[in-house]
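Here's the structure, in structure tokens; my notes come after.
These values consider heavy atoms only, across backbone and side chains, with no hydrogens, waters or symmetry-generated copies.
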Amino acid sequence: MEREQESVRALKGIGDKTGKLFERLGIFTIRDLLTYYPRDYHTYGPPSPVGELKPDMTGAAAGILQKSASVRAFQNKKVITASLRDPTGSLQLTWFNMPFLKNTLQAGTYHVFYGKVVKKNNRLTMEQPEIFTKEGYEAMMESMQPVYGQTKGLGNKAISKAVAQALGLRQMEREYLPAYIRKRYELAEYNFALEHIHFPENRQQLLFARKRLVFDEFFLFVLAVRRLKEKRQDKKSAWVMEPSREVERLIQNLPYDLTGAQQKVLQEVFGDLSGGLVMNRLIQGDVGSGKTIVAVLALLTAAYNGCQGALMAPTEVLARQHYEGMRSLFAEHGIDKVPVLITGSMTAKEKRAAYEKVKSHEADIIVGTHALIQDKVVYDRLALVITDEQHRFGVGQRQMLGDKGQEPHVMVMSATPIPRTLAIILYGDLDISVIDELPGGRLQVKNCVVNTGYRPNAYAFIRKQVEQGRQAYVICPMVEFSELMEAENVVDYTKTLREALPGISVDLLHGKMKGKEKNEIMERFAAGQIQVLVSTTVIEVGVNVPNATVMMIENAERFGLAQLHQLRGRVGRGKHQSYCIMVNCGDQEGTAERLGILNRSNDGFYIASEDLKLRGPGDIFGIRQSGDMEFKLADIFTDANILKTVSDEVDRLLLEDGELLREEHQELKRRLSRYLESSYDRVNL
């Protein structure tokens with residue numbers, strides 16, 4: 001285990017420069033690398049006749065070269081070209097700065113070439129293709145190659161090589177799942193699963209490895225949640241709060257009426273705050289259902305009872321938006337309570353000033369990111385803690401924020417629609433309230449599912465909306481181009497859109513940017529300085545931009561339905577009609593049926609339940625719900641059956657051995673302790 005805690009730089013061939021690139025992917029230790037699971041797997045199909053190759057497709061062509069390759073100089077580069085012919089057509093082959101290939105690519109030799117086909121000067125060309133012998137390619141056809149998330153300067157081959165080296169050096173893990181559980185559910189041995197999730201020989205082996213690792217992720221999470229529930233259940237509260245006349249007055253003076261669902265949930269929250277027991281409540285509500293005002297009214301109730309309340313958001317942009325919204329609301333209605341903001345990007349001087357206000361109780365409401373959990377933040381009478389977008393925080397982080405005060409009330413909010421059966425398992429330590437009604441007068445988003453041929457029309461529509469003063473989002477599944485995955489990427493798509501939309505301000509946003517850079521981009525978009533924002537799903541939890549009316553999602557088939565619904569929720573937040581254009585770039589069976597559900601409905605909970613019905617146990621590629629809870633591999637929809645099985649097994653285990661005292665459970669106890677520690681470590685300060 002000690003070896004796995006070493007820096008990734010301890011591996012051969014990884015120096016400071018490459019180490020920094022791995023760190024951009026969140027890989028600091030050898031353990032991080034071993035659990036950096038592939039995002040997809042690549043299989044090499046049989047070579048195609050040249051005449052069947054099409055522009056933009058990735059594939060293989062094979063044959064005997066009629067002429068040897070030629071080398072010529074062009075713009076300080078050495079260009080190697082060869083031509084492959086068969087009875088159906090000819091294919092130009094091009095490589096840059098690889099003059100040694102001239103010796104390999106001789107007339108009369110047989111090769112298989114694999115790469116992306118493009119059309120250049122009216123002829124089909126394969127640039128930088130991989131070269132195989134016949135036997136070498138046949139061996140590749142029988143294997144599954146891992147495809148990892150990459151970053152500029154660090155390609156798939158380098159990551160695969162590092163993972164293979166790490167697997168060879170690692171110490172074997174002791175099996176922690178009791179033998180009776182592994183036998184009951186036919187689960188692979190842990191070390192076997194870890195190796196074969198990276199390098200499976202076939203799909204059957206992949207599914208066997210994946211099932212074990214998914215079981216592990218759910219098992220440790222559900223076990224941690226159950227232990228948290230035992231710790232919290234029926235605890236008397238030191239913070240019993242009286243109803244506040246000022247809060248009632250604010251509700252009466254709001255420029256809109258609260259919906260019936262909001263009023264019901266608010267009464268449940270007020271009942272918890274005054275009931276004498278510690279509140280542990282989840283507020284689930286669809287995008288735009290009005291969870292934020294419920295949170296603000298709860299925080300004000302704490303403030304008017306002489307206590308402090310904290311609101312933790314997953315991004316600085318969202319935290320700042322909550323803070324500014326509160327300041328504006330309080331000023332408008334003459335509320336004398338003071339909110340303060342704490343985020344990681346503040347200067348040391350700004351942080352010190354904020355800490356002092358919190359400690360002296362000059363601040364009544366503290367809004368921020370994970371920075372609220374830092375030891376330096378000392379609260380005075382912290383009685384209520386609210387986390388926004390609950391699925392972004394680990395179970396350890398929930399516990400840490402709760403530990404900051406004297407058992408404060410805890411309220412968590414999520415806009416991720418999860419069917420109730422799964423929510424009860426995932427949030428087993430919380431009571432669940434649902435805001436299942438949208439505020440009146442809001443225009444429904446108009447949806448359409450289109451193929452790639454519709455893009456020119458979509459660009460024209462975006463231009464028209466921008467000319468009317470509106471803004472648009474375009475979502476791509478990837479940050480940068482990958483030679484092994486056919487999906488749109490943010491970097492190249494931004495260039496394409498700038499060419500297609502001259503005179504319009506187009507910019508990009510993705511998760512690999514530094515926090516300060518991301519904040520700056522989102523603030524410029526919110527201010528209307530950027531008219532079209534090309535982004536990954538990092539905007540799924542983002543700033544509220546009522547002026548944005550178009551959401552265009554490329555490769556919609558690669559996302560889960562609940563996630564697509566979340567993305568769509570970024571528009572339709574203002575008074576103007578909004579639109580969601582989902583581009584289906586695939587031809588997989590069932591894709592049209594899945595996307596059709598979104599086309600027909602804007603109800604997140606209906607969509608989530610339909611998503612649950614449609615997903616199958618083998619349906620594991622390309623549609624994972626990004627960011628769900630703290631799972632790297634598991635997906636609560638695809639793996640719903642495993643989640644339910646795990647829940648039953650954890651209940652049985654705790655009933656028989658609640659403290660995990662039996663000999664056969666000692667390794668599990670150690671692993672759970674390590675899991676909770678790593679959950680603390682994941683706090684991004």
Side-chain angles (χ1 to χ4, degrees), residues 21 24-25 39 55-56 58 116 118 127 149-155 315 317 450-467 469-543 545 547-559 563-564 567-568 570-571 579-585 626:
L21 294 174
R24 282 182 67 188
L25 297 173
R39 60 184 296 169
D56 296 326
T58 300
K116 186 167 184 177
V118 295
E127 293 186 339
Q150 298 151 48
T151 189
K152 196 170 186 179
L154 189 63
T315 66
V317 173
V450 298
N451 60 28
T452 54
Y454 186 80
R455 280 184 187 135
N457 293 1
Y459 299 161
F461 182 73
I462 288 171
R463 174 175 282 285
K464 193 175 174 186
Q465 287 286 302
V466 169
E467 285 168 353
R470 310 283 82 79
Q471 290 163 275
Y473 295 98
V474 178
I475 305 301
C476 297
M478 294 170 62
V479 176
E480 293 159 328
F481 171 74
S482 163
E483 71 274 14
L484 294 179
M485 282 184 72
E486 291 192 44
E488 296 300 333
N489 71 86
V490 166
V491 175
D492 292 338
Y493 207 102
T494 302
K495 292 174 190 166
T496 300
L497 268 188
R498 282 173 178 160
E499 288 169 12
L501 301 170
I504 287 174
S505 169
V506 180
D507 218 324
L508 75 166
L509 178 74
H510 55 76
K512 290 177 188 172
M513 290 176 162
K514 290 184 175 158
K516 196 171 179 183
E517 198 179 355
K518 280 192 281 195
N519 289 340
E520 192 183 308
I521 293 282
M522 281 308 297
E523 281 167 8
R524 282 176 55 218
F525 186 64
Q529 294 162 9
I530 296 169
Q531 293 163 307
V532 178
L533 184 63
V534 183
S535 174
T536 55
T537 56
V538 70
I539 61 97
E540 182 185 347
V541 179
V543 72
V545 184
N547 193 47
T549 55
V550 182
M551 168 62 68
M552 182 175 173
I553 305 169
E554 284 286 353
N555 292 101
E557 76 283 354
R558 298 192 71 86
F559 299 101
Q563 190 179 22
L564 287 169
L567 290 167
R568 175 171 63 184
R570 291 293 106 212
V571 297
Y579 307 87
C580 180
I581 304 165
M582 290 167 273
V583 185
N584 179 9
C585 305
S626 168

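Side chain of E557 to backbone of C585: a donor-acceptor contact under 3.5 angstrom is found. Using modelled atom types, one side-chain atom of R463 and one backbone atom of P502 make a donor-acceptor pair closer than 3.5 Å. A donor-acceptor pair is defined here as one N or O able to donate and one able to accept, closer than 3.5 Å; such a pair exists between the side chain of Q531 and the backbone of S505. A distance-only check finds a donor-acceptor pair linking the side chain of Q471 to the backbone of I530 [under 3.5 Å].
In this structure, CG in L564 is found 5.0 Å from CD1 in I553, a value given to the nearest 0.5 Å. Atom CG of L154 and atom CG of L21 lie 5.5 Å apart (nearest 0.5 Å). Distance CE/M552 to CE/M582: 12.0 Å, rounded to 0.5 Å. To the nearest 0.5 Å, atoms CD1 (I462) and CZ (R470) are separated by 14.5 Å. Residue Y459 holds its OH atom at 6.5 Å from OG1 of T496, rounded to the nearest 0.5 Å. Interatomic distance, OH of Y493 versus CG of L508, reported as 13.5 Å (0.5 Å rounding).
Scanning all heavy atoms of the two residues, the minimum distance from M551 to R568 falls at CG-CA, 4.3 Å. When all heavy atoms are compared, the tightest approach of D492 to N489 is N-OD1, 2.9 Å. Of all non-hydrogen atoms in V450 and I581, the two that sit nearest each other are CG2-CG2, 3.9 Å. Heavy-atom minimum distance, A548 versus Y473: CB-CE1, 3.6 Å. Of all heavy-atom pairs spanning Y579 and V571, the tightest one is O-CG2, 4.1 Å. Across all non-hydrogen atoms, the minimal contact from T536 to I475 is O-CD1, 4.0 Å.
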Take F525 and L509, measure what side chain to side chain contact (heavy atoms under 4.5 Å, CB included) needs, and give me the verdict at the end.
-> CA-CA 10 Å; F525 186 64; L509 178 74; over 6 Å; no
Show your reasoning for whether side chain to side chain contact (heavy atoms under 4.5 Å, CB included) applies to D507 and R498.
-> CA-CA 9 Å; D507 218 324; R498 282 173 178 160; 3.7 Å; yes
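A salt bridge does not link E499 to K495: none of the charged nitrogens lies less than 4.0 Å from a carboxylate oxygen.
A heavy-atom distance below 4.5 Å is found between the side chains of T452 and V583.
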